Amino acid sequence: MYNNREGNVVVWFTGLSGSGKTTISDILSEKLKSFNKNHEILDGDVVRKELSPDLGFSKEDREKHNYRIIYLAKLLSKNRIITIVPVIAPFKNIREYAREHIENFVEIYVNTPIEECIKRDPKGLYEKALKGEIKEFTGLSSPYEEPDQPDLIMDTMNYTPEQCADHVIEYLEKNNFIQLEINYNDLRRVYGK
Ligand SMILES: Nc1ncnc2c1ncn2[C@@H]1O[C@H](COP(=O)(O)OS(=O)(=O)O)[C@@H](OP(=O)(O)O)[C@H]1O
Ligand SMILES: Nc1ncnc2c1ncn2[C@@H]1O[C@H](COP(=O)(O)OP(=O)(O)O)[C@@H](O)[C@H]1O
């Protein structure tokens with residue numbers, strides 16, 4: 001019943017802190033669950049605590065942390081577990097490495113302007129970073145290198161989180177990473193039977 005790509009995909013949400021990576025990933029996860037699709041979320045924040053408690057936010061540490069996630073994502077996706085990765089991954093070279101080493105890597109740029117992220121500030125981190133209480137903060141005192149050719153862009157200023165997640169589902173279906181079962185009730189409605 002599998003087509004040869006079903007489930008074998010890493011969906012990487014890159015973007016600033018507060019851009020919407022986690023929010024969209026969580027909704028995407030709910031949708032995949034409702035379609036009975038095996039998947040896993042590797043959230044930067046959570047995975048850091050488990051896999052990279054030794055690492056901080058210098059360029060070198062972020063790269064090491066991202067390499068660990070790439071390794072794990074590769075293993076999971078190879079076993080057809082759709083792997084959702086909401087991780088800043090601010091450096092182009094690492095995202096290029098991910099594309100080279102993962103069979104099916106979907107780079108999604110959560111393109112929210114920093115001014116909006118500062119306004120949202122869901123964890124109060126920008127406030128602290130702007131006061132100088134957090135060093136090397138992405139977008140302020142540490143670089144974020146925008147993707148040149150992401151596979152998808154999330155416009156969180158004009159679309160709701162739900163619409164953004166639907167956009168991803170459409171992409172996954174169109175590219176044969178998920179196959180949605182025929183909904184017979186919809187068919188009956190269309191054909192009036
Ligand atoms: N200095 C600094 N810069 C950026 N972010 C910081 C920093 N310190 C802590 N945090 C919190 O850590 C989350 C980012 O971790 P990631 O693993 O996604 O980042 S990275 O890929 O290693 O750059 C990030 O999570 P998100 O807000 O979900 O992006 C922050 O909550
Ligand atoms: N269209 C949208 N997509 C995603 N998040 C949005 C959107 N509009 C507003 N938000 C809000 O922006 C914040 C994003 O926070 P979060 O998902 O934790 O970002 P990140 O994981 O990138 O740090 C949340 O408070 C969320 O409710």
Side-chain angles (χ1 to χ4, degrees), residues 10-31 40-74 83-99 101-102 105-147 150 152-171:
V10 173
V11 182
W12 195 302
F13 290 94
T14 172
L16 296 170
S17 175
S19 57
K21 304 181 298 295
T22 304
T23 304
I24 300 169
S25 294
D26 288 347
I27 299 174
L28 177 62
S29 166
E30 283 304 315
K31 288 181 186 283
E40 194 54 77
I41 302 186
L42 304 178
D43 193 302
D45 259 355
V46 181
V47 178
R48 248 176 192 281
K49 284 188 197 111
E50 298 296 329
L51 272 193
S52 307
D54 52 324
L55 301 176
F57 288 89
S58 65
K59 182 172 198 287
E60 200 191 11
D61 280 7
R62 287 180 200 249
E63 287 185 348
K64 269 192 209 160
H65 166 57
N66 287 179
Y67 283 130
R68 291 175 190 176
I69 292 177
I70 291 166
Y71 177 71
L72 195 53
K74 189 176 161 174
T83 308
I84 305 169
V85 186
V87 167
I88 298 177
F91 301 110
K92 273 186 195 174
N93 63 314
I94 302 294
R95 299 194 303 261
E96 274 158 22
Y97 175 93
R99 193 179 287 283
H101 288 81
I102 292 170
F105 175 74
V106 178
E107 185 182 27
I108 303 186
Y109 178 27
V110 186
N111 181 11
T112 309
I114 190 153
E115 296 75 16
E116 174 69 13
C117 296
I118 291 172
K119 257 192 239 161
R120 291 182 186 170
D121 204 6
K123 298 178 193 157
L125 296 177
Y126 282 97
E127 194 185 343
K128 286 191 186 152
L130 287 165
K131 282 197 233 155
E133 290 169 16
I134 304 177
K135 305 279 175 240
E136 300 186 288
F137 198 79
T138 305
L140 296 177
S141 43
S142 181
Y144 178 76
E145 298 173 359
E146 286 187 22
L152 271 181
I153 297 178
M154 303 278 99
D155 173 1
T156 74
M157 301 292 281
N158 293 301
Y159 294 93
T160 64
E162 175 88 20
Q163 288 170 322
C164 291
D166 279 338
H167 196 175
V168 180
I169 292 284
E170 263 170 45
Y171 180 94

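Read the numbers this way: they start at 1 and go in the same order the structure lists the ligands and their atoms. In this text, all values refer to a predicted model and were calculated from it rather than measured experimentally.
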Report the nearest protein non-hydrogen atom to [atom]: residue, atom name, distance rounded to 0.1 Å.
atom                    : result
atom 16 (P) of ligand 1 : Arg48 NE, 3.9 Å
atom 23 (O) of ligand 1 : Arg62 NH1, 2.8 Å
atom 4 (C) of ligand 1  : Thr138 OG1, 3.3 Å
atom 1 (N) of ligand 1  : Glu136 O, 2.8 Å
atom 26 (P) of ligand 1 : Lys123 NZ, 3.4 Å
atom 9 (C) of ligand 1  : Phe57 CZ, 3.3 Å
atom 29 (O) of ligand 1 : Lys21 NZ, 2.8 Å

Within reach of ligand 1, part of [X] (heavy-atom separation under 4.0 Å):
X      : answer
Ala129 : neither
Leu125 : side chain
Lys135 : backbone
Phe137 : both

Taking 4.0 angstrom as the limit and counting only heavy atoms of [X], give me the atoms of ligand 1 inside it, by number and element.
X     : answer
Gly44 : 17 (O), 18 (O)
Pro90 : 21 (O), 23 (O)
Ser17 : 26 (P), 27 (O), 29 (O)
His65 : 17 (O), 22 (O)
Ala89 : 21 (O)

### Query
Under the salt bridge (charged side-chain N to carboxylate O under 4.0 Å, His left out) criterion, do Glu63 and Lys59 qualify, and how do the steps go?
CA-CA 6 Å; Glu63 287 185 348; Lys59 182 172 198 287; 2.8 Å; yes
### Message
Checking the N or O distance criterion of under 3.5 Å, is ligand 1 in contact with Asp45?
### Response
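By distance alone, the answer is yes.
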### Message
My understanding is that only residues two or more places apart in sequence, or in another chain, count here; which of them pass salt bridge (Lys or Arg N to Asp or Glu O under 4.0 Å) with Glu136?
### Response
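Testing Glu136 for salt bridge (Lys or Arg N to Asp or Glu O under 4.0 Å), a comparison that skips the adjacent residues, returns none.
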Spell out, as yes or no, whether a donor-acceptor pair under 3.5 Å connects the side chain of [X] to the backbone of [Y].
X      : Y     : value
Lys21  : Gly15 : yes
Thr112 : Ser19 : yes
Arg48  : Asp43 : no

### Message
What verdict does the side-chain contact (heavy atoms from CB on, under 4.5 Å) test give for Lys123 and Asp45, after you've listed the backbone C-alpha separation in whole Å, the side-chain angles of each residue and the deciding distance to 0.1 Å?
### Response
CA-CA 12 Å; Lys123 298 178 193 157; Asp45 259 355; 2.6 Å; yes
### Query
Are Val10 and Lys74 close enough, and set up right, to give a side-chain contact (heavy atoms from CB on, under 4.5 Å), and what steps lead you there?
CA-CA 8 Å; Val10 173; Lys74 189 176 161 174; over 6 Å; no
### Query
What residues sit with at least one heavy atom under 4.0 Å from ligand 2?
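Within 4.0 Å of ligand 2, the protein residues are Leu16, Ser17, Gly18, Ser19, Gly20, Lys21, Thr22, Thr23, Ile24, Arg120, Pro122, Thr156, Tyr159, Thr160, Pro161.
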### Query
Less than 6.0 Å separating the ring centroids of Phe137 and Tyr126?
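For Phe137 and Tyr126, the ring centres are under 6.0 Å apart.
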### Query
When you measure from atom 20 (S) of ligand 1 to each heavy atom in Asn66, Asp121, Thr22, Asp61, which option holds the nearest one?
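Looking at heavy atoms only, Asn66 sits closest to atom 20 (S) of ligand 1.
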### Query
Taking the minimum heavy-atom distance to atom 14 (C) of ligand 1, which of Ile88, Leu140, Thr23 ranks first?
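The residue whose heavy atom sits nearest atom 14 (C) of ligand 1 is Ile88.
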### Task
Quick one: list whatever passes side chain to side chain contact (heavy atoms under 4.5 Å, CB included) with Gln163, sequence neighbours left out.
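So Gln163 forms a side chain to side chain contact (heavy atoms under 4.5 Å, CB included) with Tyr159, Thr160.
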### Sole candidate of Thr23, Thr22, Leu28, Ile24 that passes side chain to side chain contact (heavy atoms under 4.5 Å, CB included) when paired with Asp26
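Exactly one candidate clears the test, Thr22.
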Smallest separation among heavy atoms of [X] and [Y], with atom names:
X      : Y      : result
Arg62  : Phe91  : CD-CE1, 4.1 Å
Ala73  : Ile102 : CB-CD1, 4.5 Å
Val110 : Gly20  : CG1-N, 4.1 Å

### Partners meeting ring-ring contact (aromatic ring centres under 6.0 Å, His included) with Tyr71 (sequence neighbours left out)
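For Tyr71, no residue satisfies ring-ring contact (aromatic ring centres under 6.0 Å, His included) once neighbours in sequence are set aside.
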### Message
As a quick check of understanding, evaluate side-chain contact (heavy atoms from CB on, under 4.5 Å) for Phe13 and Val168, giving each step before the final call.
### Response
CA-CA 11 Å; Phe13 290 94; Val168 180; 4.1 Å; yes
